[in-house]
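To start, the structure itself, in structure tokens.
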Number of protein chains: 2
Amino acid sequence: MKSVTLKDVAKAAGVSYATVSRALSGSPQIGSETRERIIKLCDEMGYTTNYVARSMVMKKTDLIGLVVPSIENQFMSELAYYAEMSARAHGYNIMLCNSGPDLKQEKTVVKLLLGRQVDGILIVPQSSRSYENIRAYTDQVPTVFLGENLRDQPQSYVTVDNSRGTYIGTKYLYDLGHRDILYFGRRHSTTHQLRAEGYMRACQEFGLQQRFFNSDFSRSSINNGYQMAKDLFSRPIDYSAIFASTDSNALGILKAADEMHIDIPDRLSLIGFDNIPSTGLPRIDLTTIEQPKRDMAVQAVDMLRDKIENGTQGYVHQILLPSLIKRGTCRALD
Amino acid sequence: MKSVTLKDVAKAAGVSYATVSRALSGSPQIGSETRERIIKLCDEMGYTTNYVARSMVMKKTDLIGLVVPSIENQFMSELAYYAEMSARAHGYNIMLCNSGPDLKQEKTVVKLLLGRQVDGILIVPQSSRSYENIRAYTDQVPTVFLGENLRDQPQSYVTVDNSRGTYIGTKYLYDLGHRDILYFGRRHSTTHQLRAEGYMRACQEFGLQQRFFNSDFSRSSINNGYQMAKDLFSRPIDYSAIFASTDSNALGILKAADEMHIDIPDRLSLIGFDNIPSTGLPRIDLTTIEQPKRDMAVQAVDMLRDKIENGTQGYVHQILLPSLIKRGTCRALD
DNA sequence: ATTAGAACTGTAAACGTTTGCGACCTTTTG
DNA sequence: CAAAAGGTCGCAAACGTTTACAGTTCTAAT
């Protein structure tokens with residue numbers, strides 16, 4: 001359990017431990033025979049450099065704190081996957097924290113990460129209020145927000161063009177012949193406001209009536225969508241398509257529709273948003289708007305690295321393009 | 001960006017920094033007025049203790065390395081979620097590493113975690129060979145394996161009773177009247193060998209013929225299952241039920257069956273293993289065997305904590321009970 | 001008044017690195 | 001042949017904590 005230190009190999013090599021350190025770090029002021037001898041010895045003795053000691057003097061931990069509301073969420077776990085891969089490829093490790101449902105815990109874990117001396121923080125915020133929530137800390141450490149649009153807050157973030165996503169989605173439905181499109185979802189967070197805006201813009205452009213059905217749940221989940229959809233379907237269905245603000249909601253709608261024998265897509269077309277893996281499953285085959293999660297993740301760590309390594313001070317709002325994934329839940333009318 | 005240290009608040013309080021440290025750690029040998037004054041001051045000055053410095057002297061980082069093949073996998077992200085929550089509740093933070101598909105990278109990240117001085121490692125192994133793969137490191141740091149059965153290797157692990165899982169699954173099919181049950185999946189890893197064994201045991205007990213269709217893919221994914229199932233369904237279907245060794249495979253089978261108009265469950269009953277969230281989706285509604293992921297995760301961190309904090313030396317094999325989740329893909333015959 | 005003891009606080013070492021600076025040795029140059 | 005230059009290497013400080021030990025002050029008892 002006792003690990004071998006620089007001092008140990010120095011003693012074995014008959015040099016000072018400064019020399020060993022330099023040999024390992026490839027300093028030019030070390031003779032090549034000495035270097036090779038030392039490196040070989042390190043290998044034999046199983047030396048691995050102690051990163052916490054190194055962090056101490058370097059004032060840099062090569063650690064990125066990743067805070068997500070819940071890693072079991074498909075959207076976030078995919079972001080996390082690409083973020084970790086990309087970070088590690090650049091020498092950083094990820095410290096993972098679930099911020100759970102409440103803002104208090106989000107604040108707690110950010111504070112905790114600060115104590116851990118992370119070089120930067122990558123955060124998938126719980127809501128648009130997260131910015132206010134952790135503002136006290138964001139000037140103490142490079143931070144980039146991921147997945148949520150913070151509008152013109154003075155913070156770096158990367159997100160998709162949510163408004164454009166719903167726009168191209170409704171345009172798609174319009175082109176399919178739909179004239180009565182219901183928008184299903186909440187509009188509390190900025191992200192969802194923007195999604196609603198894209199729908200509204202398309203409606204205006206194509207001369208459609210704007211019709212909203214708002215979920216009052218704070219979190220969009222399959223079950224919440226299901227509950228709301230049951231309510232929705234208990235009333236007359238005088239629309240031919242539903243645009244669900246998230247895939248989770250769409251899945252809930254799908255469940256309710258199946259239960260109430262409302263055929264999707266024959267009776268009703270349905271489109272979601274996010275393109276979480278579940279939407280591609282057999283029988284589900286949900287038409288949706290893709291968020292380029294991989295690009296989002298790697299761009300976010302690139303931005304963070306830039307802040308960390310170059311001390312870049314300003315903030316950048318990176319808005320990536322969503323795309324339409326045509327699958328089986330939308331049908332052409334007539 | 002410059003953070004405030006013990007020395008800073010010591011100067012402000014007019015005491016030595018040892019006193020501040022003691023006040024914060026609740027040492028009994030500090031006057032209560034001094035303590036409160038110092039604590040208040042720390043608050044005002046925004047002091048947070050530097051964990052890397054603390055780790056240096058304490059020889060303990062309160063860090064647990066979590067290595068999973070891929071965090072985007074639903075099974076693993078759920079394990080990770082509960083593991084992180086439970087770990088943090090006990091004062092530990094999680095360092096996340098994806099080990100990817102190859103053993104080399106698994107070894108690399110474990111080594112990396114060692115350099116980071118983690119107190120322990122929680123690993124969801126890529127296969128049963130992972131034990132051999134990282135054996136060189138498992139005696140340098142407390143380690144527990146999660147999700148894979150290592151049989152009687154001298155290592156701690158927590159897993160489900162895989163054999164029992166397939167046993168109760170086939171028994172369920174038998175009770176439903178099925179007499180020709182095909183087992184679909186590979187048998188390379190120990191886990192899958194055990195699953196096959198449970199099926200075989202049930203077949204023997206109920207006098208059924210054992211019928212295997214082996215996937216030769218090393219990873220079970222929806223697409224691999226789909227490819228194999230297309231092959232399978234191109235031959236005569238002289239069985240009434242399929243036991244898929246994983247939910248992913250089952251989902252692939254479902255897709256192929258739908259495409260080839262083989263009705264599930266009417267023509268064919270289908271049962272999976274793992275109970276990943278996708279199986280509960282509308283229209284999917286896959287009958288499956290549940291792995292108690294939450295219990296597995298918290299038990300694993302409990303075991304790890306025990307090793308870390310009490311220096312427990314032996315190893316324990318924790319085998320949890322699987323359970324049958326009855327859903328819509330199995331039908332009673334006649 | 002002296003002192004034993006308690007209560008509190010300060011000093012300094014230690015943890016394992018990195019790196020500026022100085023020292024030594026060898027080689028080259030005038 | 002002397003001295004400058006260049007190539008190697010060691011010394012020691014620093015990073016921010018924790019904690020054993022020593023030191024100081026104060027109370028209370030003799």
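For the numbers below, each heavy atom of this structure counts, side chains included, while hydrogens, waters and symmetry mates do not. Residue numbers start from 1 in every chain, and the chains themselves are labelled A, B, ... in the order their sequence lines are given, proteins ahead of strands.
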Subject >> K7(A): partners by salt bridge (Lys or Arg N to Asp or Glu O under 4.0 Å), with sequence neighbours left out >> reply: none

**OP:** May I ask you to decide whether K11(B) forms a salt bridge with D8(B), counting only side-chain N to carboxylate O separations under 4.0 Å?
**Re:** no

**OP:** Figure out the CD1/P separation between I38(A) and dT18(C), and round it to whole Å.
**Re:** 13 Å

**OP:** Consider the side chain of M58(B), meaning its heavy atoms from C-beta on, and name the nucleotide among dG16(D), dT18(D), dT17(C) that approaches it most closely.
**Re:** dT18(D)

Original post:
Rounded to whole angstroms, how far apart are OH on Y47(A) and P on dG16(C)?
Top reply: 10 Å

Subject >> Gap between atoms CD and P, on E36(B) and dC8(C) respectively (whole Å) >> reply: 13 Å

Original post:
Just by distance, with hydrogens left out, do D306(A) and T312(A) show a side-chain donor and acceptor under 3.5 Å apart?
Top reply: yes

Subject >> Donor-acceptor pair between S128(B) and E148(B) side chains, under 3.5 angstrom >> reply: yes

Original post:
Separation of K7(B) atom NZ from dT18(D) atom P, in whole Å?
Top reply: 14 Å

Original post:
Counting only side-chain N and O atoms of K59(A), is one of them less than 4.0 Å from OP1 or OP2 of dG16(D)?
Top reply: yes

Subject >> Partners meeting side chain to side chain donor-acceptor pair (under 3.5 Å) with R151(B) (sequence neighbours left out) >> reply: E197(B)

Subject >> Residues that R135(B) engages under salt bridge (Lys or Arg N to Asp or Glu O under 4.0 Å), provided they are two or more places apart >> reply: E132(B)

Original post:
Over its full length, what angle do the end axes of the helix from dA1(C)-dT30(D) to dG30(C)-dC1(D) make, each axis taken from five pairs and the result rounded to 10 degrees?
Top reply: 70°

**OP:** Find the distance R116(B):CZ to dC15(C):C1' and express it as a whole number of Å.
**Re:** 18 Å

**OP:** Would you mind reading off the distance between M56(A) atom CE and dG16(C) atom C1', rounded to a whole angstrom?
**Re:** 11 Å

Subject >> Presence of T5(A) side-chain N/O under 4.0 Å of dC15(C) phosphate oxygens OP1/OP2 >> reply: no

**OP:** Write down the distance between CG (L6(A)) and C1' (dC15(C)), rounded to a whole number of angstrom.
**Re:** 13 Å

Original post:
Which residues, if any, of residues 16-30 of chain A bring a heavy atom under 4.0 Å of DNA chain C?
Top reply: Y17(A), A18(A), S21(A), R22(A)

Subject >> Side-chain donor or acceptor of D119(A) paired with backbone N/O of D62(A) under 3.5 Å >> reply: yes

Original post:
Touch check for V15(A), heavy atoms < 4.0 angstrom, all strands: base, sugar-phosphate only, or nothing?
Top reply: sugar-phosphate

Original post:
When the distance from CZ of R54(A) to P of dT19(C) is rounded to whole Å, what number comes out?
Top reply: 8 Å

Original post:
When you check the phosphate oxygens OP1 and OP2 of dC15(D), does a side-chain N or O of Y51(B) lie under 4.0 Å from one of them?
Top reply: no

Original post:
Just wondering, do E84(A) and L96(A) contact through their side chains at under 4.5 Å, heavy atoms?
Top reply: no

**OP:** State which residues pass side chain to side chain donor-acceptor pair (under 3.5 Å) with S99(A); sequence neighbours excluded, sorted by chain then number.
**Re:** Q126(A)

